[in-house]
Asker: 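If you scroll down you'll find the structure; I have some questions about it.
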Amino acid sequence: MWLAGMAVNSTSQLFKSLLVTSELIDGQNRGRLASSSLYDICTRVHDCILKSGMDQNPYVANKLMRVYIRCGKVQDARHVFDKLVKKNVFNWTTMIGGYAEHGRPADAIEVYNQMRQEGGRPNEVTYLSILKACACPVGLKWGKEIHAHISHGGFRSDVPVQTALVNMYAKSGSIKDARLVFDEMAERNVITWNVMIGGLAQHGFGQEAFSLFLQMQEEGFVPDSTTYLSILTATACSSAGALGWVKEVHRHAVKAGFDSDMRVCNALVHVYSKSGSVDDARLVFEGMLDRDVISWSAMIGGLAQNGCGHEAFSLFLKMQREGVIPNVTTYHGCGQEAFSLFLRMRREGVVPDAITYMSILNASASTGALGWVKEVHRQAVQAGLDSDVRVGNALVHMYCKTGSISDARLMFDGMVERDVITWTAMISGLAQNECGQEAFSLFLQMQREGFIPVATTYASILNVCTSTGLAMVEEI
DNA sequence: CTAGGGTTAG
């Protein structure tokens, strides 16, 4: 702020402003200023740089580019970059890194290729940046080319570059190539192990990730919190038989003192729920000293998915009493909680137990589940999360499940964004509530609007057809 | 002087 009003007209002041600005963004002050005011400062400093002609100084230009990138203004950085007549390796690398940070592999590759055409020599940092940009499915074809450049360019024994290669292959879906590079490495560090373990975990190879977790320790490496966060992912732990090694990883984490690490505990809560042990999840959750919205959401979602609807809802209320504000994920978890609860009610029939159950959820036994749904809905609106398509879907589904088809339709009609799940939820809700005609016209409408029905959509609409005659079946 | 590999909920 003070910078914005400051007279910046001498070269030394210019440098000072630029450095202060970049420190503001890079250093510990980050976040204390709104990015809009940082951007404002940056453009003012930029103006002065242009007036003094310092924009052709590669060092100054690089600082300026960094600040723009940190403000999220990659296009402005690109403008500075393009105007720069003589670019050094820092400028090229910064530009590539900027695109990498903002998930723009095609632009990063364009700059990288331009660099090579103009005779620029990428160094290890350039490779780290371009590999980061290519660490996504669309980046694989480019990533392979860069792999060849790296092998020819003499970076075969550079641990960070090779680690970045492993990461690139893992993130772009080619886990086999990732493992190949990993196995070929003569030297590795903790990050290398974390990348490989995380890659296997993300691809659902939990058992393999776990054996690497043991192997790294045999080789003298000490797992850090990232190791635990990498291995304890839902995809790695939801397969049958995962619970055994998850508990083993948990024991290691406790022994190493990571049981006081909130993020590790969050991952444990989630993963225990996913591997079917809600009791272990609850134990971890209860033992936590600090909890954030992720902790609460993980626990609520875990309870919900394991048929502990009542507990999930009371935890949802408790979370808010403790001042933690639910986000989209929390509501999503609640939606699932409601589903499983109501599905369970249906399975069990209307037994007094279920009504008693609902009366705990809601003060009024007569409104039962619907009141509960409305309460969640009200809070979602209050939080401004009802416009989220996932929350909307959950609410449509919940209203249908509680038999309030009019509320479901109201929700459905009011949604600004719908996906195939929205349509299917509404159609099956109508179908199950004997509104076959309405379900069918919605089925036609969804296709007019360009949505392609999925198997569940057909299942719902075919159910309608069996009860209302065959005329519709022919149309389908 | 400047660029920098890995990170939990859905």
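Numbers restart at 1 for each chain; the letters A, B, ... are given by sequence-line order, proteins then strands. Below, all heavy atoms of this structure are taken into account, side chains as well, without hydrogens, waters or symmetry copies.
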Asker: What does A/Asn167 touch in the nucleic acid at a heavy-atom separation under 4.0 angstrom: a base, only the sugar-phosphate, or nothing?
Answerer: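 Here A/Asn167 touches the backbone only, sparing every base.
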Asker: Within the structure, does a side-chain N or O atom of A/Arg291 lie under 4.0 Å from either OP1 or OP2 of B/dA9?
Answerer: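 For B/dA9, OP1/OP2 do not have a side-chain N/O of A/Arg291 under 4.0 Å.
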Asker: So, A/Phe90 and B/dT2: ring centres less than 5.5 Å apart, planes less than 30° off, yes or no?
Answerer: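 Yes, A/Phe90 stacks on the base of B/dT2.
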Asker: Distance criterion of 3.5 Å, no angle test: do you see the side chain of A/Asn123 paired donor-to-acceptor with the base of B/dA3?
Answerer: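 In this structure, the two groups form a donor-acceptor pair.
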Asker: Report the distance from atom CG of A/Asp290 to atom P of B/dA9, rounded to the nearest whole Å.
Answerer: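 Going from A/Asp290 (CG) to B/dA9 (P), I get 20 Å.
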Asker: Within 45° of the six-membered ring axis of A/Phe412 and under 6.0 Å from that ring's centre, is NZ or CZ of A/Arg418 located there?
Answerer: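 The answer is yes, since A/Arg418 meets both limits relative to A/Phe412.
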Asker: Round to the nearest Å and state the distance from A/Phe155 atom CZ to B/dG4 atom P.
Answerer: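 The answer, rounded to whole Å, is 17 Å.
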Asker: Is the NZ or CZ atom of A/Lys176 both under 6.0 Å from the centre of the six-membered ring of A/Tyr169 and within 45° of that ring's axis?
Answerer: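 So A/Lys176 doesn't make the cation-pi contact.
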Asker: Would you call the rings of A/Tyr228 and A/Phe213 parallel, tilted or perpendicular, where under 30° means parallel and over 60° means perpendicular?
Answerer: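 A/Tyr228 vs A/Phe213 ring planes: perpendicular.
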Asker: Please give, in whole Å, the distance from B/dA9 P to A/Ile325 CD1?
Answerer: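 So the two atoms are 22 Å apart, to the nearest Å.
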Asker: Rounding to an integer number of Å, can you tell me how far A/Met288 CE sits from B/dA9 P?
Answerer: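 Result: 13 Å.
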Asker: Rounded to the Å, how far apart are A/Lys132 NZ and B/dG4 C1'?
Answerer: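 So the NZ-C1' distance, A/Lys132 to B/dG4, works out to 8 Å.
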Asker: With a 4.0 Å cutoff (strictly under), does any side-chain N or O of A/Lys87 reach OP1 or OP2 of B/dT2?
Answerer: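 For B/dT2, neither OP1 nor OP2 has a side-chain N or O of A/Lys87 closer than 4.0 Å.
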Asker: Parallel, tilted or perpendicular for A/Tyr112 and A/His149, by the 30°/60° rule?
Answerer: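 It falls in the parallel class, under 30°.
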Asker: Given atom CD1 of A/Ile96 and atom C1' of B/dA3, what is their separation to the nearest angstrom?
Answerer: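 Interatomic distance, CD1 of A/Ile96 to C1' of B/dA3: 10 Å.
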